[in-house]
Amino acid sequence: MLSRISRIGARLLREAKAETRAGHLISSQGSLYQRHVNRHSAPVVTPVLSLRNVLFSTATSGGPDESSQEKISVTFVNKDGSEKTISVPVGMSMLEAAHENDIELEGACEGSLACSTCHVIVMDVNYYNKLEDPTDEENDMLDLAFGLTETSRLGCQVIAKPELDGLRLALPAATRNFAVDGYVPKPH
């Protein structure tokens, strides 16, 4: 069930972004969201959403449909220079992928854009340019990051998409976690 909900959420996000780029509102009658609401509930007024600050969880339950999901290859370069290459489902954040694969990317705020502990450095500027521009909120948090570079991003805001296959992310030498220095969080 959770896997199905994640797929629906990812589809809603993709469709909403496409409709927003085309100048349409998410509440248009032809949207997947409206069709889903009409099929499964009483008539409702569909709110118009701003995608700027909407967060969707794309974590999956590991169900049988997971193997058919499109994945990309991402390499994390650790502080000591060692590398770990993982497969990341399209639609998942790099923070979630790191936690699922025991990579030491902190994420103290759990991806809510309230810290900079999931700071990563995109190692190839060509891949960096394929990412969506950081929001003002992300830039505000990046200003607090240790070892900020021109290609720095927050791992919670870098979402896997097919054109990022082969992405290489470096983990900075340190993070600034003012709450607990030296604490290594457990994956969620």
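- Within 6.0 Å of atom CD in E150, 12 or fewer heavy atoms from other residues, nucleotides or ligands are found, so the atom counts as exposed in its surroundings.
- The only option from V122, V88, L154 that meets the side chain to side chain contact (heavy atoms under 4.5 Å, CB included) definition with M94 turns out to be V88.
- Inter-residue side-chain proximity for T117 and C109 is flagged as unmet; no heavy-atom pair is nearer than 4.5 Å.
- Not one N or O on the side chain of N78 forms a donor-acceptor pair closer than 3.5 Å with the backbone of D80.
- A heavy-atom distance below 4.5 Å is found between the side chains of L171 and I103.
- Between L164 and I159, every side-chain heavy-atom pair lies at or beyond the 4.5 Å cut-off.
- Panel note: side chain H99, backbone E106; a donor-acceptor pair is recorded below 3.5 Å.
- Under the 4.5 Å side-chain heavy-atom criterion for grouping Ile, Leu, Val, Met, Phe, Trp and Tyr, V90 is connected to M92 within one hydrophobic cluster.
- By the 4.5 Å heavy-atom criterion applied to side chains, K161 and E132 are counted as neighbours.
- From L169, atom CG reaches atom NE2 of H119 across 10.5 Å, with rounding to the nearest 0.5 Å.
- The shortest heavy-atom contact between C156 and C118 is N-SG, 3.4 Å.
- Closest heavy-atom contact between L95 and G107: CD1-CA, 3.8 Å.
- When all heavy atoms are compared, the tightest approach of S152 to G147 is OG-O, 4.3 Å.
- Side-chain contact between Q157 and L113 is present, with heavy atoms from C-beta onward closer than 4.5 Å.
- With hydrophobic clusters built from ILVMFWY side chains whose heavy atoms lie under 4.5 angstrom apart, L144 shares a cluster with L142.
- A pairwise comparison of heavy atoms in M141 and S116 identifies O-CB, 3.2 Å as the closest pair.
- Between G155 and S93, the shortest heavy-atom contact is O-CB, 3.8 Å.
- Using modelled atom types, no side-chain atom of D165 and backbone atom of I72 make a donor-acceptor pair closer than 3.5 Å.
- A side chain to side chain contact (heavy atoms under 4.5 Å, CB included) with I121 is found for one member of L148, V77, T151 and no other, namely T151.
- For the residue pair P89 and K71, the shortest heavy atom distance occurs at CA-CG, 3.9 Å.
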